[in-house]
Asker: 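The structure's right below; bear with me while I get my questions together.
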Amino acid sequence: MSYTSAGQTHTYEPLSSVSWGGDHLILLDQRLLPEDIVYLKLYTPEEVWEGIHSMKVRGAPAIGIAAAFGVVLGGLQYAGDQPGEWLQQVRTTCDYLATSRPTAVNLFWALDRIKLTAEKLAETLSDRTALNAALLAEAEAIRAEDEDVCRRIGENALPLFKDGMGILTHCNAGGLATAKYGTALAPMYLAHEQGMNIKVFADETRPVLQGARLTAFELQQAGIDVTLLADNMAAMVMSKGWVQAVIVGTDRVAANGDVANKIGTYGLAVLAKAHGIPFYVACPLSTIDLNTKTGADIPIEERPAEEITEGFGKRTAPHGVKVYNPAFDVTPNEYVTAIITEKGMVQAPYSENLKKLFE
Ligand SMILES: CSC[C@H]1O[C@H](OP(=O)(O)O)[C@H](O)[C@@H]1O
């Protein structure tokens with residue numbers, strides 16, 4: 001990727017969160033960013049499950065991509081010569097990886113897709129090597145398609161931006177959460193490539209600090225003007241007139257347009273409405289789940305208390321204190337100005353307009 005500043009063209013290669021290493025999955029351990037860049041080699045579905053569950057890899061599309069390669073690792077573990085047994089191994093691996101995290105629908109979308117592919121392959125192929133090679137090709141396709149989809153989301157969201165605009169975002173919906181470019185951050189990269197001066201305000205996003213550790217890192221690496229905020233500062237920044245748009249990613253959009261995203265998003269949407277600021281959600285169609293009727297039906301992950309009580313490398317709360325640590329919240333569709341996808345922008349009435357995306 002590249003951008004021009006002061007007449008100088010700068011090129012850089014953004015970090016890749018998930019890639020295939022021939023017979024293993026390569027994961028960038030996002031828990032260690034921004035201080036340490038550590039790539040892990042994973043050889044078993046169990047390692048992939050743990051990588052997703054512990055958030056070494058995180059972000060809805062990236063989770064789905066990692067899980068797809070995890071299923072390939074499961075297929076490679078089968079040593080027999082019966083396609084039916086290989087298929088059962090693949091199905092068992094899919095069911096296992098589906099238990100790694102509950103909210104991001106891309107996990108289940110990717111697992112369903114790779115399982116369906118395996119079922120079709122087992123009808124026509126009998127050689128184990130051929131079966132595994134074809135399943136790997138599907139996982140690679142999921143990854144490659146996500147990169148293209150994210151770029152198209154960026155292109156569709158770009159018209160919402162203009163020179164000098166202040167944009168606030170929450171958590172990390174950047175290249176680290178996807179195959180490349182990200183969703184909410186994709187238009188920021190394109191705007192910057194085209195010489196547009198945007199000012200991004202990134203919420204730190206407690207308790208896992210994806211905004212501080214990942215979004216600020218990504219945007220600084222790209223030379224984009226980014227200001228880091230504590231999560232309690234958004235209202236003041238909006239009241240100063242510094243923000244003209246909020247754009248976030250999502251982990252699951254319900255059929256009625258309710259949006260599950262990182263905890264704190266709902267509050268931002270209410271603040272944006274109160275200040276007359278548009279609130280945009282950027283996502284691929286693989287994050288829109290028409291089978292989930294409303295936000296009330298979206299499973300919300302609760303994570304360990306230690307994420308809150310032991311941040312910053314030291315204890316930050318008394319032992320034994322009760323902790324509530326939901327990783328996501330749901331923004332009702334009436335707070336969502338528009339949802340930007342690879343197929344274009346969708347606005348209310350979401351129940352009918354989201355359905356049209358799949359027709
Ligand atoms: C482009 S999906 C990004 C989405 O995923 C994040 O959750 P987590 O870091 O817990 O995987 C967050 O909700 C982002 O908006």
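All values below come from the heavy atoms of this structure, side chains included, with hydrogens, waters and symmetry mates left out. For reference, positions follow the sequence shown, starting with 1. Atoms within a ligand are numbered from 1 in the order they appear, just like the ligands themselves.
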Asker: Out of M55, E301, R58, Q30, whose heavy atom sits nearest atom 6 (C) of ligand 1?
Answerer: R58
Asker: Ignoring angles and geometry beyond distance, decide whether N261 reaches within less than 3.5 Å of ligand 1 through its nitrogen or oxygen atoms.
Answerer: yes
Asker: Tell me: protein heavy atom nearest atom 1 (C) of ligand 1, and distance?
Answerer: T183 OG1, 3.5 Å
Asker: With a 4.0 Å cut-off, would you call R252 and D289 a salt bridge?
Answerer: yes
Asker: To the nearest 0.1 Å, how far is atom 12 (C) of ligand 1 from its closest protein heavy atom, and which atom is that?
Answerer: C171 SG, 3.3 Å
Asker: Going by the atom numbers of ligand 1, which of them fall below 4.0 Å from some non-hydrogen atom of A60?
Answerer: 2 (S), 5 (O)
Asker: Which atom pair, heavy atoms only, marks the closest approach of L28 to S16?
Answerer: CB-O, 3.6 Å
Asker: Please determine whether a side-chain nitrogen of the Lys or Arg among E138 and K115 lies less than 4.0 Å from a carboxylate oxygen of the Asp or Glu.
Answerer: no
Asker: For Q210 and ligand 1, does the shortest N/O to N/O distance drop below 3.5 Å?
Answerer: yes
Asker: Can E204 and R213 be counted as an ion pair, charged N to O under 4.0 angstrom?
Answerer: no
Asker: Answer yes when R151 and E342 have at least one side-chain N-carboxylate O distance shorter than 4.0 Å, and no when they do not.
Answerer: no
Asker: Using a 3.5 Å cut-off on N or O atoms only, is R101 in polar contact with ligand 1?
Answerer: yes
Asker: So, R143 and E147, do they make that salt bridge, N to O below 4.0 Å?
Answerer: yes
Asker: Tell me the protein heavy atom at minimum distance from atom 11 (O) of ligand 1, and give that distance in Å.
Answerer: G59 N, 2.8 Å
Asker: Hey, is D29 close enough to K56 for a salt bridge, meaning N to O under 4.0 Å?
Answerer: no
Asker: Just heavy atoms, cut-off under 4.0 Å: does T250 contact ligand 1 by side chain, backbone, both, or neither?
Answerer: backbone
Asker: Counting each atom of ligand 1 from 1 as listed, which ones have a heavy atom of N172 under 4.0 Å away?
Answerer: 3 (C), 14 (C)
Asker: Could you tell me the residue and atom name of the protein heavy atom closest to atom 5 (O) of ligand 1, and the distance to it rounded to 0.1 Å?
Answerer: D251 OD2, 3.1 Å
Asker: Where does the angle between the aromatic ring planes of F201 and W242 fall among parallel (under 30°), tilted (30 to 60°) and perpendicular (over 60°)?
Answerer: parallel
Asker: Under 4.0 Å between a side-chain nitrogen and a carboxylate oxygen: does that hold for D148 and R152?
Answerer: yes
Asker: Report yes if K262 has an N/O atom closer than 3.5 Å to an N/O atom of ligand 1; otherwise report no.
Answerer: yes
Asker: Check whether any heavy atom of P61 sits under 4.0 Å from an atom of ligand 1.
Answerer: yes
